Enquirer: 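Take a look at this one; I'll ask things after.
No hydrogens, no waters, no symmetry mates; every other heavy atom, side chains included, goes into these values. Keep in mind it's a predicted model, so treat the numbers as computed, not measured.
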Amino acid sequence: MSGHRKTHRDHAKKTQRPLVEDSAIAAKLESLVKPAIIAQEGYYRKLGLRDRILNLPLMVAAVLTLLWRDVAGVRELNRILTREGFLWCSPTQVSQQAISQRFLTFPAQLFERVFKELLPELRKVWDSRKCRPLPESVQFTLSKFERIWIADNSTLEALFRKLKSLADIPQGQLAGKMGVVVDVKTRLPVEIWFEENPRASDTKLESNLLNLVRAKTLLLLDRGFYHFYFWQQLIDRGIHFITRLKKGASLEVKQVFSDSYSLRDRLIRMGSGTKKTPFVTLRLIEVRSGKTWHSYLTSVLDPMILPPYVVADLYGRRWRIEEAFNTVKRLLGLSYLWTGSLNGVKLQIWGTWLFYAVLVDLGDAVASELSLPFDRISLEMIYRGLYHFYVAHDKGLASDPVKYFAAPENQDLGIVKQQRKPKVKLIVAPFPDRQKGQSEFFFKPFSSTPLTIGIQA
């Protein structure tokens, strides 16, 4: 038997050299993030923090540098700060111990406020781009609802026990759980919550959602939110949802809208009438794919508002939040926690999602430049392609990262995903088995309406 010790790849120590800072990328980050930092100066002083060397601008620059330049750790970060500086910070002599201690104690809520100050600006920039089309199901649904959001939880990895502060923590203790809401239209985060208890149930996120979400919102939820009382609370507030049916669920069929070889659309009632499981009236949509039936539940009871195939296509887009989790945890390193302190974990969470939002903005700009849906753009390959842009910029062959990634000669970087399946027209007929051959059977873009905006209800 081999005596080699198995390594958790998410916990493997990084050994690569950091990416060299590119002036064009640095200028873009500064133009986006610096105004949000300046807006927090008053709150920084309100917390009683002194205008010391390791202040808010430097700490935000440090975290962004760790992420976008893929710096292996605080020791290497300190070398960079001492010799060359980073982003908007000039070379500064600071001890490694001082930086490490600052990561443990610097108020994480300042990073949260910078992140939330930046999001509205990124949404404005998103709205200004008109060239990339939205998915057909999203276009159609935005003519009925004002927002389509995805909500989910993700558990963080186990805390490292290399620090003295973690010596008494049990082996394998997880670092907590984050709840996230993502906008299907912009792909930007809407809200993020952190729960110290990694085994906290989704009911905590349900309470947060009820405080956040407004009427005319459509939520895409997984089966972790399978609670009848929560569903009824959403419905009572004019908030609708799509989720999956649990196997073996008890239900009563009230009305049949469609019943064919490949589609069943029925009005049903679920629940037992108790406070915890009240009676809830929903639509059950079942779509056949090969020999498998896929079942969806929605609180939108009228097929004229949300046709069955639109429901199925929309729910498939719930996977976008899983892609976001994969990006922040595996690509941007949130699965490799820098510190064991609760404050340090929060600081890393907010810093990582801040950089993720900037990366989404860059990906959306490339999609708009190419007039392609955002789904066709690989954020991972844009992130990995920053090195190639730096080389081209250094040689005077490129000056704009968006145009560089969109250029035909650079498509070998894999920025545009290859289409694995042929595009299939979206059926928007409320009763497909009765409407075949009619002009409104398939989706048609709304006339005189930009594809990126949709018609608001």
Enquirer: Checking side chain to side chain contact (heavy atoms under 4.5 Å, CB included) against Trp193, which of Leu209, Val180, Ile349 comes through?
Expert: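 Filter result, single survivor: Leu209.
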
Enquirer: Kindly indicate whether the side chain of Val182, heavy atoms from C-beta on, has any atom under 4.5 Å from the side chain of Phe325.
Expert: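 They are not in side-chain contact.
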
Enquirer: Applying side-chain hydrogen bond (donor to acceptor under 3.5 Å, both in side chains) to Asp236 and Gln232, what does each step give before you reach the verdict?
Expert: CA-CA 6 Å; Asp236 291 343; Gln232 191 60 57; 2.9 Å; yes

Enquirer: Less than 4.0 Å between a side-chain N and a carboxylate O, is that true for Glu117 and Arg113?
Expert: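 Judged by the 4.0 Å cut-off on N to carboxylate O distance, Arg113 and Glu117 do not form a salt bridge.
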
Enquirer: Thinking salt bridges, do Asp375 and Lys417 make one under a 4.0 Å N-O criterion?
Expert: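 Between Lys417 and Asp375 there is no salt bridge, as every charged N stays at least 4.0 Å from the carboxylate O atoms.
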
Enquirer: Given Val402, which partner from the list Ile382, Leu370, Leu362, Asp364 fulfils the side chain to side chain contact (heavy atoms under 4.5 Å, CB included) test?
Expert: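 For Val402, the side chain to side chain contact (heavy atoms under 4.5 Å, CB included) test succeeds with only one of Ile382, Leu370, Leu362, Asp364, which is Leu362.
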
Enquirer: Is Tyr315 reaching over with its side chain to a backbone N or O of Leu221, donor-acceptor style, under 3.5 angstrom?
Expert: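 Indeed, once roles are kept as given, a pair shorter than 3.5 Å links the two residues.
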
Enquirer: Side chains of Ser137 and Arg317 only: does a donor on one sit below 3.5 Å from an acceptor on the other?
Expert: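 Judged by distance alone, the side chains do pair up.
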
Enquirer: Give a yes-or-no answer on whether the side chains of Arg129 and Ser368 include a donor-acceptor pair shorter than 3.5 Å.
Expert: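 On atom types as modelled, these side chains do not qualify, holding no pair under 3.5 Å.
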
Enquirer: Between Trp350 and Phe115, how do the two ring planes meet: parallel, tilted or perpendicular, split at 30° and 60°?
Expert: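 Plane angle between 30° and 60°, so tilted.
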
Enquirer: Compute the ring centroids of Phe225 and Trp231, then answer whether they are less than 6.0 Å apart.
Expert: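 They do not qualify: ring centres at least 6.0 Å apart.
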
Enquirer: Any sub-3.5 Å donor-acceptor pair from Asn78's side-chain atoms to Val94's backbone N or O?
Expert: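 Here the side-chain-to-backbone pair exists.
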
Enquirer: Working to the nearest 0.5 angstrom, can you tell me the gap between Tyr390 OH and Asp22 CG?
Expert: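 If we round to the nearest 0.5 Å, Tyr390:OH and Asp22:CG are 7.5 Å apart.
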
Enquirer: Determine whether a donor-acceptor pair (N or O, by modelled atom type, separation under 3.5 Å) exists between the side chain of Glu76 and the backbone of Val71.
Expert: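 Such a contact is absent between Glu76 side chain and Val71 backbone.
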
Enquirer: Within the 3.5 Å criterion, strictly below it, is a donor on Ser154 or Lys329 matched to an acceptor on the partner's side chain?
Expert: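 Lys329 and Ser154 do have a side-chain donor-acceptor pair below 3.5 Å.
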
